[in-house]
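Written below as structure tokens is the structure these notes are about.
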Amino acid sequence: MSLTIFFAAPSVWDEYRDLLPMLLSQAGIAAKVVTDAADPTTVDYIIYAPSAPLQDFTPFTRCKAVLSLWAGVERIVGNATLTQPLCRMVDTGLTEGMVEWVVGHSLRHHLGMDRHIINPEHSWNPTCPPLARERVVAMLGMGALGTACAQALAALNFNVRGWSRTAKLIDGLSCDHGEAGLESVLRDADIVVTLLPKTAETENLLNAQRLGWMKPGAVILNPGRGPLIDDDALLAALDTGHISHATLDVFRVEPLPEGHAYWRHPRVTVTPHIAADTRPTGAARVLVENIRRGEAGEPFLNLVDRARGY
Ligand code: NDP
Ligand code: OXD
């Protein structure tokens, strides 16, 4: 067996160039990993990231699967030339990073850390924050990342309410679905975390009406995707203080343009799409396992449902 694997993500190749061949060989898979597929009809697997210039998958007639280095696949899932199975990235490094970002930023707002970090008047205000058990966190999106974040917050005693497209039973966590579920969760929450994929259904999910359902003074954390939130509606809700703070990691346009209102809004924290990163050591193992499965005729891990869009 000798496979050709086309690594179509030039900007990250350096991190994988030695690792992938080593792990493939350890898995007993004889393979050539190339960054330039001179003859696309010889390619068995494509490893892809949104930075890849590749848009036309038609010439890759032998390709058995496209393996995304990213968890979010909105930039490839609708590509009509892609007829092969598409697998997204689910990896422990990505999940751990997201848990740390979400827990860290939740604790910042829960504990009111800014009051003490930025205190030029040296005011002595001994008001204690409530306990985590007295705070409700809404986790919009209870997939690989949302569930891990919800569990980590619940382990700190936060009162976590999950919301997803389909009904779920996750041990110890309350999970809602549907529009009525969304309204109930948003009305209850002190902190709302959006960990949904960008699809036609989730675009502008947090619009003016739904932001209006939120508790006065609630906080939003968005590490999902920029278009989940109607930016104008959010800015209006921040201006009135109805939403007391938004910590945003993802945006409609990235890098966030210099003149964007989010940069200068006193109630917004911008982080530059760093909530969670695909770490090569873990991610390469996931890629190799999927190649092994493809060769063994076993079902791929983390298959994207093209109709659902995630
Ligand atoms: P998953 O596919 O595992 O989970 C997606 C969740 O969203 C599921 O619970 C799903 O519901 C829910 N969902 C999807 N559509 C809807 C809808 N219309 N209404 C309600 N719920 C919906 O994804 P991950 O958890 O792995 O990742 C989530 C997103 O996080 C990614 O798509 C990406 O955009 C973002 N991300 C951001 C990173 C960053 O650094 N900022 C890093 C990695 C990912 P159900 O369970 O019912 O299917
Ligand atoms: C991803 C991301 O989707 O980094 O993996 O946003």
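We count residues from 1, following the sequence as given. Nothing here was measured: the structure is a model prediction, and the numbers come from that model. Each ligand, and each atom within it, is numbered from 1 in the order the structure gives.
- Between His273 and ligand 2, at least one pair of N/O atoms sits closer than 3.5 Å.
- Applying the 4.0 Å criterion to heavy atoms of Arg88 picks out, from ligand 1, the atoms 1 (P), 2 (O), 3 (O), 23 (O), 24 (P), 26 (O).
- Ranking the protein heavy atoms by distance from atom 9 (O) of ligand 1 puts Met142 N, 2.9 Å first.
- Ligand-side atoms of ligand 1 in range of Pro197: 5 (C), 7 (O), 14 (C), 32 (O), range being under 4.0 angstrom from any heavy atom.
- Between Trp163 and ligand 1 there is a heavy-atom distance shorter than 4.0 Å.
- Atom numbering of ligand 1 starts at 1 in the shown order; those under 4.0 Å from a heavy atom of Leu195 are 28 (C), 30 (O).
- Not one N or O of Leu94 is nearer than 3.5 Å to an N or O of ligand 2, by distance alone.
- Formation of a donor-acceptor pair under 3.5 Å by the Glu295 side chain with backbone atoms of Arg292 is not found in this model.
- Of all atoms in ligand 2, listed by their number and element, those nearer than 4.0 Å to a heavy atom of Ala71 are 1 (C), 3 (O), 5 (O).
- Under a 4.0 Å heavy-atom criterion, Thr202 is in contact with ligand 1.
- Heavy atoms of Arg225 found under 4.0 angstrom from ligand 2 belong exclusively to the side chain.
- Look at His273 and you'll find a heavy atom under 4.0 Å from some atom of ligand 1.
- Not less than 6.0 angstrom separates the ring centroid of His260 from the ring centroid of Phe251.
- The CG atom of Leu186 lies 6.0 Å from the CG atom of Leu140; values are rounded to the nearest 0.5 Å.
- Under a 4.0 angstrom heavy-atom cut-off, Lys168 registers as being in contact with ligand 1.
- Annotation: atom 6 (C) of ligand 1 to nearest protein heavy atom, Gly143 N, 3.7 Å.
- Taking a cut-off of under 4.0 Å to the non-hydrogen atoms of Arg225, the atoms of ligand 1 that pass are 33 (C), 34 (O), 35 (C), 36 (N), 37 (C).
- By the 4.0 Å heavy-atom criterion, Met98 is counted among the residues contacting ligand 1.
- With ligand atoms numbered from 1 in the order given, ligand 1 contributes 18 (N) to contacts under 4.0 Å with heavy atoms of Glu201.
- No N or O atom of Leu69 sits closer than 3.5 Å to an N or O atom of ligand 2.
- Within ligand 1, counting atoms from 1 as listed, the ones closer than 4.0 Å to a heavy atom of Val250 are 41 (N).
- Distances below 4.0 Å separate heavy atoms of Gly141 from the following atoms of ligand 1: 6 (C), 7 (O), 9 (O).
- Atoms of ligand 1 found under 4.0 Å from any heavy atom of Ala71 (numbered from 1 in listed order, with element): 43 (C), 44 (C).
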